[in-house]
K.L.:
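Pasting a structure below so you can have a look.
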Amino acid sequence: MNYSNILVTKLKMAPEATENGYAIIQLNRPEVMNAINIALMKELVEALDEMEKENDIRCVILTGSEKAFAAGADIKEMADASTVEMLQRDMFSRWDRIRKFKKPIIAAVGGYALGGGCELALTCDIIIASESAKFGQPEISIGVIPGAGGTQRLTRAVGKYKAMEMVLTGTMITAEEAKQWGLVVKVVPNEILLEEAKNLAKTIASKPSVAVQLGKEAILKAFDTTIESGLEFERKNFYMLFSTEDQKEGMRAFVEKRKPKWKGK
Ligand code: DAK
């Protein structure tokens, strides 16, 4: 597939290998700080659609440049749109597709993650950031509010009061603040951001993939259900794993004091 707004690198897992098994998607509109336009979003979804089907890709890293992960949706593309035009663009279905991607996505954020850029990072499953990263929801300063989940996911991540401050003032927070607030799991020097993301991706890719998928699914369930039905959901996924060869292999390998050999089934 030829893309013009993203760069895709696949580090597939060779048979019997324990390394690799992940892909990197780099947003690539440097002239506009990786602003997310319709074409970029379409390519991103196409790339993910493909990766979902590839068994030897177990995890995806989403990143931008040192200056910007993404400075938001493309303002120039939206500025003159009417409500009807915005509705007809149906941008939500693409954002929803990312949310429903079954494999883990790691956001490796360098520079600005603003507006839709911050929301894109929030749609991912783990966020790591470089020391110069800045997160913010500045939509209020251009007359709107977050439109891709910012008021919901950010609020769940950092709580009502911090989300209110960010959304109503448009103030940016640093990577370190984002870490203190629980948005970011790790802050690293710029030069090693991708290396750190790769290490994380390799670790996830080296785990039994069905368990990884069901673990992600169960955690996401926590955001849209009660504790009771969430626990029920978790339990069913837990039981389901006893029908995988990897569960048998994992537990036998533990008992036999050897390394497990995963089959991904
Ligand atoms: N859109 C378009 N162009 C952008 C852009 C953006 N979001 N951000 C930056 N650029 C462009 C600038 O216009 C400039 O282009 P030229 O003037 O050179 O042609 C170039 O990138 C470099 O930017 P600056 O010259 O401004 O660079 P600085 O270092 O001075 O400042 C900055 C960097 C990131 C602080 C600044 O560019 C900035 O404030 N950018 C805008 C940030 C922002 O307001 N973001 C929120 C946008 S609204 C939805 C899904 C998503 C959304 C809505 C709905 N649905 C599913 C329905 C999301 C909405 C948004 O994100």
Side-chain angles (χ1 to χ4, degrees), residues 1 8-26 44-63 96-108 121-128 182 184-186 188 192-265:
M1 199 77 84
V8 174
T9 314
K10 291 179 181 173
L11 294 110
K12 293 194 177 182
M13 192 174 264
E16 301 295 314
T18 49
E19 286 254 303
N20 297 338
Y22 63 94
I24 304 169
I25 302 178
Q26 185 181 2
L44 181 53
V45 165
E46 276 170 16
L48 289 174
D49 273 339
E50 216 177 284
M51 288 168 193
E52 189 114 271
K53 293 183 216 129
E54 292 173 295
N55 283 338
D56 41 11
I57 290 179
R58 310 263 173 93
C59 184
V60 175
I61 297 170
L62 185 59
T63 194
D96 281 346
R97 174 64 189 97
I98 300 174
R99 180 168 64 88
K100 291 188 176 145
F101 187 66
K102 294 194 177 90
K103 301 172 187 183
I105 310 181
I106 300 165
L122 285 164
T123 309
C124 297
D125 303 302
I126 299 177
I127 308 177
I128 63 170
V184 158
V185 296
K186 203 169 193 182
V188 296
I192 62 162
L193 176 66
L194 199 56
E195 227 29 64
E196 280 293 322
K198 286 180 183 174
N199 288 337
L200 193 54
K202 279 184 211 165
T203 305
I204 294 172
S206 73
K207 304 295 176 195
S209 55
V210 182
V212 168
Q213 185 182 321
L214 296 192
K216 167 171 171 164
E217 193 183 68
I219 292 171
L220 291 180
K221 199 73 188 166
F223 292 97
D224 59 21
T225 192
T226 60
I227 184 83
E228 198 54 41
S229 46
L231 288 171
E232 232 166 76
F233 187 87
E234 178 193 78
R235 219 154 287 163
K236 286 194 177 131
N237 278 6
F238 177 77
Y239 288 143
M240 210 191 309
L241 287 166
F242 282 76
S243 66
T244 63
E245 292 182 30
D246 283 347
Q247 174 272 327
K248 298 287 172 288
E249 168 64 6
M251 294 195 182
R252 276 180 202 141
F254 176 82
V255 174
E256 292 163 12
K257 297 187 188 303
R258 61 174 173 82
K259 268 184 92 175
K261 279 191 175 165
W262 305 123
K263 291 189 173 158
K265 53 186 182 175

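Predicted, not measured: the structure shown is a model, and the values here were computed from it. Values below: every heavy atom of this structure, side chains too, minus hydrogens, waters and symmetry copies.
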K.L.:
Quick check for you: to the nearest 0.5 Å, what is the distance between Lys257 atom NZ and Phe254 atom CZ?
P.N.:
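Going from the NZ atom of Lys257 to the CZ atom of Phe254 covers 6.5 Å.
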K.L.:
Any non-hydrogen side-chain atom of Lys202 less than 4.5 Å from a side-chain atom of Tyr22?
P.N.:
yes
K.L.:
Indicate yes or no: does Glu249 engage Lys263 in a salt bridge with an N to O separation below 4.0 Å.
P.N.:
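Salt bridge absent between Glu249 and Lys263.
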K.L.:
Return the CG to CD distance between Leu62 and Gln26, rounded to the nearest 0.5 Å.
P.N.:
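Nearest 0.5 Å value for the CG-CD distance: 10.0 Å.
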K.L.:
Can you tell me how far CG of Asp246 sits from NZ of Lys261, rounded to the nearest 0.5 angstrom?
P.N.:
13.0 Å
K.L.:
Quick check: do Ile126 and Leu200 have side-chain heavy atoms less than 4.5 Å from each other?
P.N.:
yes
K.L.:
Might you point out which heavy atoms bring Thr63 and Ala108 nearest each other, and give the distance in Å?
P.N.:
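Minimum heavy-atom contact is OG1-O, 2.8 Å.
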K.L.:
Residues in side-chain hydrogen bond (donor to acceptor under 3.5 Å, both in side chains) with Glu232, at least two apart?
P.N.:
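Applying side-chain hydrogen bond (donor to acceptor under 3.5 Å, both in side chains) to Glu232 gives none.
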K.L.:
Sequence neighbours left out, what passes side-chain hydrogen bond (donor to acceptor under 3.5 Å, both in side chains) with Lys102? Give chain and number order.
P.N.:
none
K.L.:
With sequence neighbours left out, write down each residue that passes side chain to side chain contact (heavy atoms under 4.5 Å, CB included) with Val45, or none if nothing qualifies.
P.N.:
Asp49, Arg94, Arg97, Ile98
K.L.:
Not counting sequence neighbours, which residues clear side chain to side chain contact (heavy atoms under 4.5 Å, CB included) with Ala23? List them please.
P.N.:
Lys10, Met51, Ile57
K.L.:
Do Thr123 and Phe101 have side-chain heavy atoms sitting under 4.5 Å apart?
P.N.:
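A side-chain contact under 4.5 Å is absent here.
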K.L.:
Atom CD in Gln247, atom CH2 in Trp262: separation rounded to 0.5 Å?
P.N.:
9.5 Å
K.L.:
Show your working on side chain to side chain contact (heavy atoms under 4.5 Å, CB included) between Phe242 and Met251 and close with a plain yes or no.
P.N.:
CA-CA 10 Å; Phe242 282 76; Met251 294 195 182; 4.0 Å; yes
K.L.:
Answer yes or no: is there a side-chain heavy-atom contact under 4.5 Å between Lys198 and Ile61?
P.N.:
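Result yes, sub-4.5 Å side-chain heavy-atom pair found.
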K.L.:
Does any part of the side chain of Ile24, heavy atoms only, come nearer than 4.5 Å to the side chain of Val8, both counted from C-beta?
P.N.:
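With C-beta onward as the side chain, the pair stays apart.
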K.L.:
So do the side chains of Ile106 and Cys59 get within less than 4.5 Å of each other, counting heavy atoms only?
P.N.:
yes
K.L.:
Which heavy atom of Gly264 sits nearest a heavy atom of Val210, and at what distance?
P.N.:
O-CG2, 3.7 Å
K.L.:
Hey, what do you get for SG (Cys124) to CG (Leu122), rounding to the nearest 0.5 Å?
P.N.:
8.5 Å
K.L.:
With Glu256, which residues qualify under side-chain hydrogen bond (donor to acceptor under 3.5 Å, both in side chains), at least two apart?
P.N.:
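By the side-chain hydrogen bond (donor to acceptor under 3.5 Å, both in side chains) rule, Glu256 matches Arg258.
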K.L.:
Which pairs, with at least one residue in residues 210-225 and sequence neighbours excluded, count as a side chain to side chain donor-acceptor pair (under 3.5 Å)?
P.N.:
Asp125-Lys216, Glu217-Asn237, Thr225-Ser229
K.L.:
Can you check side chain to side chain contact (heavy atoms under 4.5 Å, CB included) on Lys186 and Val188, steps first, answer last?
P.N.:
CA-CA 6 Å; Lys186 203 169 193 182; Val188 296; 4.1 Å; yes
K.L.:
For Asn55, does the CG atom have more than 12 heavy-atom neighbours from other residues, nucleotides or ligands under 6.0 Å away?
P.N.:
no
K.L.:
How about Met240 and Leu214: do any of their side-chain heavy atoms sit closer than 4.5 Å?
P.N.:
yes
K.L.:
What's the separation between atom CD in Glu234 and atom OH in Tyr239, rounded to the nearest 0.5 Å?
P.N.:
10.5 Å
K.L.:
Using every non-hydrogen atom in the two residues, find where Arg58 and Ser209 come nearest and quote the distance to one decimal.
P.N.:
CD-CB, 3.5 Å
